[in-house]
Protein chains: 2
Amino acid sequence: MATKRATISDVASLAGVSIATASKALNGRQDVRAATRERVLAAAAELSFQPNALARGLLSGQTRTVGLLTSDSVGRFGIPVLLGAENAFGAGEMAVLLCDARGDAIREQYHLRALLSRRVDGLIVVGESTNPRPSVSKDLPVPVVYAYGPSEDPDDVSFVPDDVGAAAMAVNHLLAMGRRRIAHVTGPTHYKAARDREEGLRLALAEAGLEQVGQTLSGPWSQRWGRHAAEMLLMSEPEIDAVFCGSDQVAAGFVETARERGRRVPDDIAVVGYDNWEVLSTETRPALTTVDMNLELLGRTAAQHLFAAIDGKATPGVHKMPCQLVIRDSTSPPGVS
Amino acid sequence: MATKRATISDVASLAGVSIATASKALNGRQDVRAATRERVLAAAAELSFQPNALARGLLSGQTRTVGLLTSDSVGRFGIPVLLGAENAFGAGEMAVLLCDARGDAIREQYHLRALLSRRVDGLIVVGESTNPRPSVSKDLPVPVVYAYGPSEDPDDVSFVPDDVGAAAMAVNHLLAMGRRRIAHVTGPTHYKAARDREEGLRLALAEAGLEQVGQTLSGPWSQRWGRHAAEMLLMSEPEIDAVFCGSDQVAAGFVETARERGRRVPDDIAVVGYDNWEVLSTETRPALTTVDMNLELLGRTAAQHLFAAIDGKATPGVHKMPCQLVIRDSTSPPGVS
DNA sequence: CTGAAAGCGCTTACAG
DNA sequence: CTGAAAGCGCTTACAG
């Protein structure tokens, strides 16, 4: 804690000029004599002058601050999106006001008011899943961009991972590795992510003229479920040569059980996960080939789009962002490719 | 996006009163006639009036906003601390400005300036590890509280988990379960967390008049290292009946390899982890007994302390926050206790 | 009970 | 090139 903060009038009097001149000098205006400018700058430095952003914001109507409204920061998916956004903003002069509504609509309204009264220039709403969520954008005086979880309202701007495309890409990779008998284990079907990834699988198989082996097995997004599903699948469909899993947790469980049952991964069964959650995907034996949703990029893109929207140029609709397949040993043993 | 925002003078003229009266009515002052107040409130509602927090802040000198400066939000530890803080603030009227410096001192200074120019009322600095970090508090016009990673300056206020105490508690639990031949596998010694947890182990063993079995094994904080350490330890010290691991990642690897080598956990070897990172601790077989550092509580406490500091009552020093032992099957098989 | 006036810290036309 | 004045949206003594 230090002494009282200097204001621009302190700087002006120390430099022996008017407040107006001090302001111009500090803001790099041209119409100030060089010598005067230097005196002002020296005074500002001596007083450790920091302009008051509140006063500026009051004048300009812009705060250079955006709100980040999340439903579930604890969630694994919100965090990277948030970081990507924070990055895009931090690089400029933007600051981020973070609010976590924890899935509670009342709390969300409450935070929304708090953000608006602080006059944020815009808002990013980060979903906890890719399930569409109610719009908050109606009658809001600032632009809003949705990230990860899209808005239900097609007039809003949303950025989501292209789960269908990524799943198809993953399955095409399995096909390229020569696999033909592919099964699918995933999460609960009330997740759009689970449904989209299954659809990607279907598209890729249909295009190759193949049938999925067995039914899609749905269960919790957990390692335990992955193990259990593996037990079932190895029993009921012993001839499978690949499994596409809806998450790394599921895949980690699958790989573990396959190993215990003496099935070699990838030689006997290739396994693909989803999420590239590294604490799992790089630590299983073998490490997992998996889809990385590039969530930081998604967050950054959403933030950049928000800038554009603040400047009046928004592109409504749901924008699907490309994902990336990270190939590791669970589909492609070392030395083989 | 909607129409222009209403100001208090819009409200005043719609209600047919002066700005001063409108302000008093809106702020619940007593000295306004009930009928007048109602007219003002009605006008405010009709115009969806939201007071401009910038203008208020300029007057009062308080923004009801705090800065949260993190070094590594990606890190697993910053997040819960951040959430706990966000919670404590959100419950009141505080808002949180989030900045991630990603371990870069330059960027940290930059963010610091941005936060100060926005006139935050206070600052929480969240560390990425429990290693002490340079102070940012010198000559700052607002109070600062450090969470998880303490400041190097003892005059600052820091909140950290009590790793020494928690490790001792974990080891005492093993002793209570009748274990006497306890080994230790942990992370890199340049982490204070690794050193503190080892010290806790030492204290507990010394008090019980026991010796640690074998040397402390240090390696990366990874599951892979846990497996490797298990191979070594089961070879070199086959008589161990318990292992205290410095993290859940290490413990997960240890349990896995013990299982593969035919050692029963906990019957032959009891295992304790650290962190209660649930994706690991509840999914290993058996699930891990582990230390939960109560990081959300830590964050909340830091935030509450920041409030106190803003009101002028800070308690300097490093405050050690209690952790909690979560007992699962890796030390205490079902039905046995 | 109500309102005119001053002021928070800054920027921006507008005169000089 | 420099400075007096108005104003951003609000609150708070202070008169009436």
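Lettering of chains follows the sequences in order, A, B, ..., and the numbering in each one begins at 1. Predicted, not measured: the structure shown is a model, and the values here were computed from it.
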query: Can you find a side chain N or O atom of Thr21(A) that sits less than 4.0 Å from OP1 or OP2 on dT2(D)?
result: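 No, no such contact exists.
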
- request: Can you sort out which residues in residues 34-46 of chain A have a heavy atom within less than 4.0 Å of DNA chain C? Ascending by number, please.
  value: none

task: Return the stems involving DNA chain C, sorted by first number, where pairs are Watson-Crick (N1-N3 with N6-O4 or O6-N4) or G-U wobble (N1-O2 and O6-N3), both under 3.5 Å, and runs are 3 or more long.
output: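 Output for stems: C:1-3 with D:14-16, C:5-12 with D:5-12, C:14-16 with D:1-3.
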
Answer yes or no: is there a side-chain heavy-atom contact under 4.5 Å between [X] and [Y]?
| X | Y | answer |
| --- | --- | --- |
| Leu306(B) | Ile310(B) | yes |
| Ser137(A) | Tyr146(A) | yes |
| Leu69(A) | Leu112(A) | yes |

- prompt: Any ring-ring contact (aromatic ring centres under 6.0 Å, His included) pairs touching residues 8-45 of chain B, not counting sequence neighbours?
  reply: none

query: Just by distance, with hydrogens left out, do Ser135(B) and Asp153(B) show a side-chain donor and acceptor under 3.5 Å apart?
result: no

- prompt: With a 3.5 Å cut-off and no angle check, do the side chains of Gln50(A) and Arg5(A) form a donor-acceptor pair?
  reply: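 Per modelled atom types, Gln50(A) and Arg5(A) side chains form no pair under 3.5 Å.
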
Is there any protein nitrogen or oxygen under 3.5 Å from a nitrogen or oxygen in nucleotides 9-12 of chain D, and what are the pairs?
residue	atom	partner	partner atom	Å
dG9(D)	N2	Ala55(B)	O	3.4
dC10(D)	OP1	Asn52(B)	N	3.1
dC10(D)	OP2	Ile8(B)	N	2.3
dT11(D)	OP1	Asn27(B)	OD1	3.4
dT11(D)	OP1	Asn27(B)	ND2	3.1
dT11(D)	OP1	Arg56(B)	NE	2.9
dT11(D)	OP1	Arg56(B)	NH2	3.2
dT11(D)	OP2	Ser23(B)	OG	2.7
dT11(D)	OP2	Asn27(B)	ND2	3.3
dT12(D)	OP2	Arg29(B)	NH1	3.3
dT12(D)	OP2	Arg29(B)	NH2	2.7

- request: Let me know the distance between CG of Asp31(B) and P of dA15(D), rounded to the nearest Å.
  value: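 My rounded result for the distance is 16 Å.
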
- request: Examine distances only and state if a side-chain atom of Asp121(B) and a backbone atom of Val66(B) form a donor-acceptor pair shorter than 3.5 Å.
  value: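 No; zero donor-acceptor contacts below 3.5 Å.
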
query: Can you tell me if Arg39(A) uses its side chain to pair, donor with acceptor, with the backbone of Ala15(A) under 3.5 Å?
result: yes

- prompt: Under the side chain to side chain donor-acceptor pair (under 3.5 Å) rule, what pairs show up with a residue in residues 301-320 of chain A, not counting sequence neighbours?
  reply: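 Pairs touching residues 301-320 of chain A that pass the test: none.
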
Can you give the donor-acceptor pairs under 3.5 Å from side chains of residues 30-37 of chain A to other protein atoms, not counting sequence neighbours?
residue	atom	partner	partner atom	Å
Arg37(A)	NH1	Ala25(A)	O	3.3
Arg37(A)	NH2	Arg29(A)	O	2.8

